[in-house]
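Values reported hereafter were calculated over all heavy atoms of this structure, with side chains retained and with hydrogens, waters and symmetry mates removed. Ligands are counted one by one from 1 in listed order, and the atoms in each one are counted from 1 as well.
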Amino acid sequence: MVLTDTHCHLNFEDYHPDLDAVLDRARGAGLGRILVPGIDLDSSQEILALVEKDPLLYAAVGVHPNSGNSWNKGTLPGLMKMANHPGVVAIGEIGLDYYRDRTPRDLQQEILQQQLELALETNLPVILHVRNQSEEDRSCMEDLLRILETWVNSASPPFQARPHKPGVIHSFSGNVFESKRAVELGFYLGITGPVTYKNAEGLREVVKAVPLDRILVETDGPFLPPQEKRGKRNEPAHVLYIVDKISEVIDVPPDRVAEQTYANAAALFMWE
Ligand SMILES: [Zn+2]
């Protein structure tokens, strides 16, 4: 069984003491690819150094909405330069966060917009972060989907004529209606540890509603450990628990889920 983790912050301090052991466990668990997303210009640069050392790793470069205050005149040219690196397979993680709200919302949207345009120019898919203010106030997801709708429809050439899909909504936490809107626009949905939590019936409904060929599996390590590892640091080897839960929810054998999600990631990020 070959697995992939399409979102893990292996450059974070949490992994500094034992990154080699983490990567050994990932290989031991059958992982064939791990994508490490940047959150600002400096972390993106660090990740390039990591991917140069280990063929298991691929990078995304981008500025996270919570790092929006680091955005300056040099950021976009810096990202553009890094995007040419052969280990860079996406622009991310980028998006909107109305929960932490560390960056004014209009600035978040402006930075997102500029990076969506960068993705079109560089022909790379995007990795999107979205976090609503609360369960009741879903305006963050609403704003993101509206911005993505405009972006996908205004792309020239249109996305249907492009060799790849527009991207992934990472650690998807929307409802079935929102998941369908995202999939109709051509996006994949990243499924993380919460799918294993007792109270996540809504997310399991999404997994049932979305075709398996649109699902990616991600740990979002060091965050969001699956139920079996709650309270511990998350890491790529734990992606197995997510595959097992998806398998149970949609009643498809785990090796089929692993194979299809691996193929989905390869199709989106265009790695062999
Ligand atoms: Zn992340």
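Here the NZ-CG distance, from Lys81 to Asn84, works out to 10.0 Å after rounding to the nearest 0.5 Å.
Taking the centre and axis of the six-membered ring of Tyr98, the NZ or CZ atom of Arg131 falls outside the cone set by 45° and 6.0 Å.
Residue His170 does not count as close to the Zn ion (ligand 1), with no N, O or S atom under 2.8 Å. Using a cut-off of 2.8 Å, one finds that His7 contributes an N/O/S atom close to the Zn ion (ligand 1).
With sequence neighbours left out, the ring pair (Phe, Tyr, Trp, His ring centres under 6.0 Å) criterion links Phe172 to no other residue. Not a single ring pair (Phe, Tyr, Trp, His ring centres under 6.0 Å) links Trp71 to another residue, sequence neighbours left out.
Centred on the Zn ion (ligand 1), the OD1 atom of Asp220 and the NE2 atom of His9 lie at an angle of 90°, reported to 10°.
Residue-level check: among N/O/S atoms of Glu93, OE2 sits closest to the Zn ion (ligand 1).
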